[in-house]
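Here the structure comes first, spelled out in structure tokens, and everything after it is commentary.
Per chain, numbering begins at 1; letters A, B, ... match sequence-line order. Keep in mind it's a predicted model, so treat the numbers as computed, not measured.
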Amino acid sequence: MPTVDVTVEVCGMAGDGTIAAGAMINEALSRGGFSVLGFDSYPAEIRGFGRCVTRSRIGSETIVAMGTDTHVLISLNETEAKSRISFLAPRSVVIFENNPPTYVHHDASFVAELPPDKLLYGMPLSDLAAEAAGTPRGRNLTALGGFAAICGVSPDLFISVVESKFKTKGEKILSSNLKSFEAGYTYALREFSDKKGDAIQFPELPHNDRMVMLSGNQAIGMAALDAGLKLYFGYPITPATPIMEFLASTLPKQGGRVVQMEDEISSIGAVLGSFYAGARSMTATSGPGFSLMTELITHGVMAEIPAVIIDAQRGGPATGLPTKTEQSDLHAAVFGGPGDSARIVIAPTNVSECYHYTIKSFQLAEKYQTPVIVLTDFYLDNRVENLVMPLASEAETRNANVSPTGSEGGNYKRYQITESGISPRSLPGMEGYIFTATGLEHTEKGSPDYSPEVHTAMSEKRHKKIAGALVDLPKPEVFFVEDRLDVGVIGWGSTFGSVLEAVRAVREKGCRVGALKITSLSPLHASLIQEFMERCNKTLIPELNYEGQLANLIGHLHHGSVVRLNLVTGSPFPPSLIIRKIEDLIDRGDI
Amino acid sequence: MKTPGHVLAKRVRDIAQSCALNARSEALPTWCPGCGYFGIHQGLNKCIDQLKLPHHQIVVVSGIGCAGRYPFFSHTYGLHTVHGRTLPVATGVKLANPDLTVFAIGGDGDGLAIGGGHLPHVARRDIDVNYLLFDNSIYGLTKGQPSPSSRPGTITKASPGGTSEKPLNATLLALTYEASFVARLFAGDPNGMALALREGVKTPGFAFFHIYTSCVTFDKAFKTWSNLKQWVHPLPPTYDPTNRRKAFETVLEDNFSTGIIYRRAN
């Protein structure tokens, strides 16, 4: 069976049904047994028009990153599709509307600008849809019909997707969409029969109906629900808003409540208040909102109150690039705020980890009585992957509060200094354990105290507690274990998928390279990271930020040189750039 | 013959019998002798006692400032937060466990300056939190700067030429934001406070208590005890607190009438 690794793009104007078409490609090919990773881009400005592009990378083996090249372009709008020409791989398939345009802007001719190696499949999409369904509105489905016929995808896959998508919208809409699809399929099968075999063909794989398409944000929302979230507090901000919207429609059904607060400060304030009173709660934000939260996050550190905060990174600083992806909040997440305020920061690298680490963050927050920050980014939040519906075990969701036991006879020490730094925490309503939580430095009983002894002992307690959390945090994971590596590539967050793909590709050429995935960013598994780095002649750290924020955190662990590869284009890290850099390092011969 | 010792002993006995000390913690308040907050402490303790609220079912959330220290002196669960964020944190506590009785406490700087943006929203959400705003028109813990409720011309080290800003009227704000319960009280009248607090606690939804009090250390000119005693006066017995329009008129015309200004008719 030949392996397939195909990237399909749909490009159109808002209103063309571009995003819907992309989603149906993802779903159909997922059901067809392929691994799918999809990522859409859409205009930041709210208006009735603008370019929409969906990209779906479809593979017979697990897809871990978005590539640069496009192999199939489905154009629903010529003017917009022109911008995609430069991404087309040699001999790629282009499906486009070939109806004579009623008005063509002088520089809008798309087909004329395509390099001659491309395989062109012009279809009268609007006419076909109008003829079949009485309205040209279904022309995106007509284009999908064409795609299925040209690339050898079983039409049944699309038909079942259309049926499940439109079955609740009534018989008329369902049948009109099915007719639009079938018109395109029949037309392409007939018209392009002579070109059969030219285009990329998808093989028939065993179908798989157990897979679901999930975005990072959906996975986080589902994880919060499964973790028994009681309250969500948040303030709208791209790209975190979909989490609030998802929970707004689901959380009330399990007895919880979503409160849209007046700002991010009040959101984290209310999260701390509810954890203090014993209920699991959460907030999600992005860089600009996260910076507002930092004072109260350090309050959680000082007063030892749990909190769960999702920081969905976008381009920064300040308002930055609201709809672009970046990994530049790492320093803010790990260090942001006044004082020595050690906290837990974890960064998932894919959709499945978005689910499991969000679930985990609640237990970590409860057990270690501290804010836990889950660091994602625009690309991870919005990309979709097909995976088996994640399900948390009972052990993953159970309450991890450390409660006081025994009668302390009014001598309860809320901040008792213990071996682990963890002190049993009472909840309001518990008789005999009254205390006041405070952001002032305090004694074991919680009374304000600024003496050198108390501040020293308590600082030590808090940091010891966080360092101790390492045992519960996901360990760095080595890919391609070898005694010596010419280049070791370290990745975090959504960039890790690109790292893995790049390392795989270079290894196929016989090079000694390996990868390290770091998901726990505070505290760090310093010795494990160091051990990996010591085995590498060179360490490469690709990141979507300008300053090399992870390299700044771990660079000192290595005696050799740490090479930074930084990109701030606002797009996911292309594996090709990492491949080039690794090869460059090897070729330079100073290894 | 009554010696000063006898007088003091009797006074202590009286206070003890009034139950005003029952909800007090063992910590000695850090407020200056003569501070109005002692009176508020007495009033709130009486209210807690009279309503027979179990202490472990009460949470006092506070911000930063002299008023922010309140929870340490209260034998209840306490949450001393950061500056200005009393109300959002109290919102979280109440929604997490509605069985708790939640008091939010802060000064005029905490509630009208840095935290002023939260007041309208807690009122609009009608969270069942009882918010006591200790209004002495001065920043005490930072040693005497003007606050948002200082009158124009307030001279401090931070405003040697006198302030020019207009003062905010917290009662009027709470009325405007449609708090479910609005009372204006005087720290020199613990019994009056306890009465209004009891009513406010029993009222579902957001209850706002604007408490005039004196900073004996940094304000020698405006809200002094002698001035406040002269100025404050109870609302007339015929006053109907369920009439919001009338409440606005009263507050606009008279800055110093005390009692329950407004309560939503059920």
Side-chain angles (χ1 to χ4, degrees), chain A residues 230-233 256-281 283 292-300 302-303 305 307 337-338 410-411 414 426-440 442-443 445-448, chain B residues 23 25-28 30 54-64 68-102 104-105 114-127 129 141:
Chain A
K230 190 166 177 209
L231 294 160
Y232 177 92
F233 302 95
R257 182 169 169 185
V258 169
V259 186
Q260 184 176 319
M261 298 298 280
E262 57 270 27
D263 53 29
E264 286 87 352
I265 301 177
S266 48
S267 303
I268 179 67
V271 167
L272 287 168
S274 37
F275 261 108
Y276 166 86
R280 285 188 169 183
S281 64
T283 186
L292 294 182
M293 293 183 180
T294 49
E295 185 194 12
L296 274 161
I297 288 174
T298 67
H299 183 264
M302 186 61 137
I305 303 171
N411 201 32
R414 163 66 188 95
S426 69
L427 303 176
M430 289 184 182
E431 213 171 338
Y433 298 103
I434 278 174
F435 76 100
T436 289
T438 175
L440 288 170
H442 45 264
T443 63
K445 288 191 82 175
S447 309
Chain B
S25 74
E26 284 166 12
L28 197 63
T30 48
H55 296 178
H56 63 277
Q57 295 281 11
I58 299 171
V59 178
V60 180
V61 184
S62 70
I64 296 298
R69 297 299 178 102
Y70 192 98
F72 296 111
F73 317 132
S74 181
H75 186 250
T76 58
Y77 277 91
L79 183 41
H80 178 225
T81 70
V82 302
H83 201 20
R85 312 306 163 200
T86 320
L87 291 173
V89 177
T91 298
V93 173
K94 184 65 191 183
L95 293 182
N97 183 353
D99 294 340
L100 301 170
T101 303
V102 180
I105 286 178
I114 187 167
H118 302 302
L119 183 56
H121 301 285
V122 71
R124 153 178 106 76
R125 287 183 200 113
D126 207 22
I127 306 293
V129 160
L141 203 59

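For a residue to count as touching a neighbouring chain, one of its non-hydrogen atoms must lie under 4.5 Å from one of that chain's; by this rule B/L79 touches chain A with backbone and side chain alike. Contact annotation for B/V82: both backbone and side-chain heavy atoms come within less than 4.5 Å of a heavy atom of chain A. Heavy-atom distances place both the backbone and the side chain of A/F435 under 4.5 Å from chain B. The contact between B/T76 and chain A is made entirely by backbone atoms, counting heavy-atom distances below 4.5 Å. Neither the backbone nor the side chain of A/R280 comes within contact range of chain B, judged by heavy atoms closer than 4.5 Å. Proximity to chain B (any heavy atom under 4.5 Å) is shown, for A/M302, by neither the backbone nor the side chain.
By number of non-hydrogen pairs under 4.5 angstrom with chain B, the leading residue of A/V271, A/D263, A/L440 is A/L440. With respect to chain A, the highest number of heavy-atom pairs below 4.5 Å among B/H55, B/E26, B/R69 belongs to B/R69. Ranking B/N97, B/V61, B/T81, B/T86 against chain A, the residue ahead of the rest is B/T81, based on heavy-atom pairs under 4.5 Å.
Rounding to the nearest 0.5 Å places OG1 of A/T436 at 9.5 Å from CZ of B/F73. We find the OH-CE distance between B/Y77 and A/M430 to be 6.5 Å, quoted to the nearest 0.5 Å. The CE atom of A/M261 lies 8.0 Å from the NE2 atom of B/H118; values are rounded to the nearest 0.5 Å. Summarising the geometry, atom OG1 belonging to A/T438 is positioned 3.5 Å from atom CZ belonging to B/F72; distances are rounded to the nearest 0.5 Å. The CD atom of A/E262 sits 10.0 Å away from atom CG of B/L119, with the distance rounded to the nearest 0.5 Å.
Around NE2 of B/H75, the count of heavy atoms belonging to other residues, nucleotides or ligands within 6.0 Å does not exceed 12.
A/L272 pairs in a side chain to side chain contact (heavy atoms under 4.5 Å, CB included) with only one of the listed residues (A/T283, A/I297, A/I305), which is A/I305.
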